[in-house]
Amino acid sequence: MLSKRALALPLLAVLLAGCGIRATEVPTDFGAAPSRMPCSLTGHNPAAQSPQGVPVQVFLLCHASLVTVDRSVRVPDGTPDAKRRMIVAQGLLDQLAESPSADEKDAGYTTYVHGGTSVSGPRAKDPEDTLRLSEAPDRLSANALAQIVCTFSDSAAAEGDGSVILGGPGEEPLRRYECTDDVRSRPGSAQPPSAEVPAG
């Protein structure tokens, strides 16, 4: 005598067929695998490809926030400290202006710093850690200024206290800018805090 369970199996198959559903052991396709997590660059290290360069970090925009990426700047051996500082500063600017790699673009990275921007050292009456840009800081976009301030203030181009003194090519007063958590998280709307530097 057939058990109730044995009788139920054919009946279940009939019911499924009547609903247009076929029993199958083939895995169901739920669509493509999720894409890469935003701002994720696992195993990506451009600086490692340039062993002769000094490892540095620059801030790029990724999903409306500032995020560090690894880069390198070439500095000749034996370069005096003052000149080394300027080489690093210009190298950082050049790296900021360079278009992100294909992997970085896929992960959502971008930059607002334009190519051709240059930096020079202090004038006679400027504080010794002053950096003067070829374009006045107040003429830069909010995102570009935030990228430059945070990159410089976190590098050997500044004093390493989370701030940097910036000026332009004209006679406008110098200002000391800070890279804060608010600036890093909202660079497009939160201007880097700054204070005018007294003339020397």
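Within the structure, salt bridge (charged side-chain N to carboxylate O under 4.0 Å, His left out) pairs that include any residue of residues 178-193 comprise Asp181-Arg184, Asp182-Arg186 (at least two apart or interchain). The disulfide bond (SG atoms under 2.5 Å apart) pairs that include a residue from residues 83-179 are Cys150-Cys179, where partners are two or more places apart or lie in different chains. Applying the disulfide bond (SG atoms under 2.5 Å apart) test to every pair with at least one member in residues 101-133, sequence neighbours left out, gives no pairs at all. Within the structure, salt bridge (charged side-chain N to carboxylate O under 4.0 Å, His left out) contacts touching residues 134-152 (residues at least two apart or in different chains) do not occur.
Of all non-hydrogen atoms in Pro187 and Ala146, the two that sit nearest each other are CB-CB, 3.7 Å. Among all heavy-atom pairs drawn from Gly188 and Ala142, the shortest one is O-CB, 3.7 Å. In plain terms, the two heavy atoms of Gly162 and Ser153 that are nearest each other are C-CB, 3.5 Å. Closest non-hydrogen pair, Val67 versus Cys62, comes out as CG2-CB, 3.9 Å. Minimum interatomic distance between Pro100 and Leu60 (heavy atoms only, all atoms of both residues): CG-CD1, 4.4 Å. Heavy-atom minimum distance, Pro193 versus Val183: CD-CG2, 3.8 Å.
Once rounded to the nearest 0.5 Å, the distance linking NE2 of His114 with OG of Ser134 reads 11.5 Å. Atoms OG and CG, on Ser189 and Asn143 in that order, are 9.0 Å from each other to the nearest 0.5 Å. Note that OG1 of Thr117 is 7.0 Å distant from CG of Leu140, once rounded to the nearest 0.5 Å. If you take CG on Leu174 and CG on Leu166, they are separated by 9.0 Å, rounding to the nearest 0.5 Å.
For Glu171, the side-chain contact (heavy atoms from CB on, under 4.5 Å) partners two or more places apart in sequence, or in a different chain, are Arg123. Shown here are the side-chain hydrogen bond (donor to acceptor under 3.5 Å, both in side chains) partners of Ser99, two or more places apart in sequence or in another chain: Lys105. Qualifying side-chain contact (heavy atoms from CB on, under 4.5 Å) partners for Ala158, counting only residues two or more places apart in sequence or in other chains: Val164. With sequence neighbours excluded, the residues forming a side-chain contact (heavy atoms from CB on, under 4.5 Å) with Gln90 are Leu93, Asp94, Ser118, Val119, listed by chain and number. A search for side-chain hydrogen bond (donor to acceptor under 3.5 Å, both in side chains) contacts involving Arg176 returns Ser163, not counting sequence neighbours. Partners of Pro76 according to the side-chain contact (heavy atoms from CB on, under 4.5 Å) rule, which considers only residues two or more places apart in sequence or in another chain, are Thr79, Ile87. Residues forming a side-chain hydrogen bond (donor to acceptor under 3.5 Å, both in side chains) with Thr111 (at least two apart in sequence, or on another chain): Gln147. Gln57 pairs by the side-chain hydrogen bond (donor to acceptor under 3.5 Å, both in side chains) definition with Asp70, not counting sequence neighbours.
With contacts defined as side-chain heavy-atom distances shorter than 4.5 Å, the pair Leu96/Thr151 qualifies. Side chains of Met86 and Leu131 form a contact here, defined as non-hydrogen atoms less than 4.5 Å apart. By the 4.5 Å heavy-atom criterion applied to side chains, Leu145 and Pro192 are counted as neighbours.
The hydrophobic cluster containing Val149 also contains Leu92, counting ILVMFWY residues as joined when their side-chain heavy atoms lie under 4.5 angstrom apart, directly or transitively. By the rule that hydrophobic residues join a cluster once side-chain heavy atoms approach within less than 4.5 Å of another member, Tyr112 and Phe59 end up as members of one cluster.
When atom types are taken as modelled, the side chain of Arg85 and the backbone of Asp129 share a donor-acceptor pair closer than 3.5 angstrom. Side chain of Gln95 to main chain of Ser72: a donor-acceptor pair is present (N/O by atom type, distance under 3.5 Å, no hydrogens or angles). No donor-acceptor distance shorter than 3.5 angstrom exists from the side chain of Thr130 to the backbone of Ile165, with no hydrogens or angles considered.
Enclosure of atom NE2 in His63 by more than 12 non-hydrogen atoms of other residues, nucleotides or ligands within 6.0 angstrom is indicated. Counting heavy-atom neighbours within 6.0 Å of Asp81 CG, excluding the residue itself, gives a total of 12 or less.
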_Before you tell me yes or no, could you show the steps for Phe152 and Leu133 under side chain to side chain contact (heavy atoms under 4.5 Å, CB included), namely the whole-Å CA-CA distance, both residues' side-chain angles and the distance that decides it to 0.1 Å?_
CA-CA 12 Å; Phe152 279 168; Leu133 302 175; 4.1 Å; yes

*Can you list the steps and then say if Val69 with Val58 is a side chain to side chain contact (heavy atoms under 4.5 Å, CB included)?*
CA-CA 6 Å; Val69 294; Val58 300; 3.5 Å; yes

_Go through it in stages, so that I can follow the logic: the residues are Leu66 and Leu61, the test is side chain to side chain contact (heavy atoms under 4.5 Å, CB included), and I'd like the CA-CA distance, side-chain angles, deciding distance and then a yes or no._
CA-CA 5 Å; Leu66 288 180; Leu61 268 290; 3.4 Å; yes

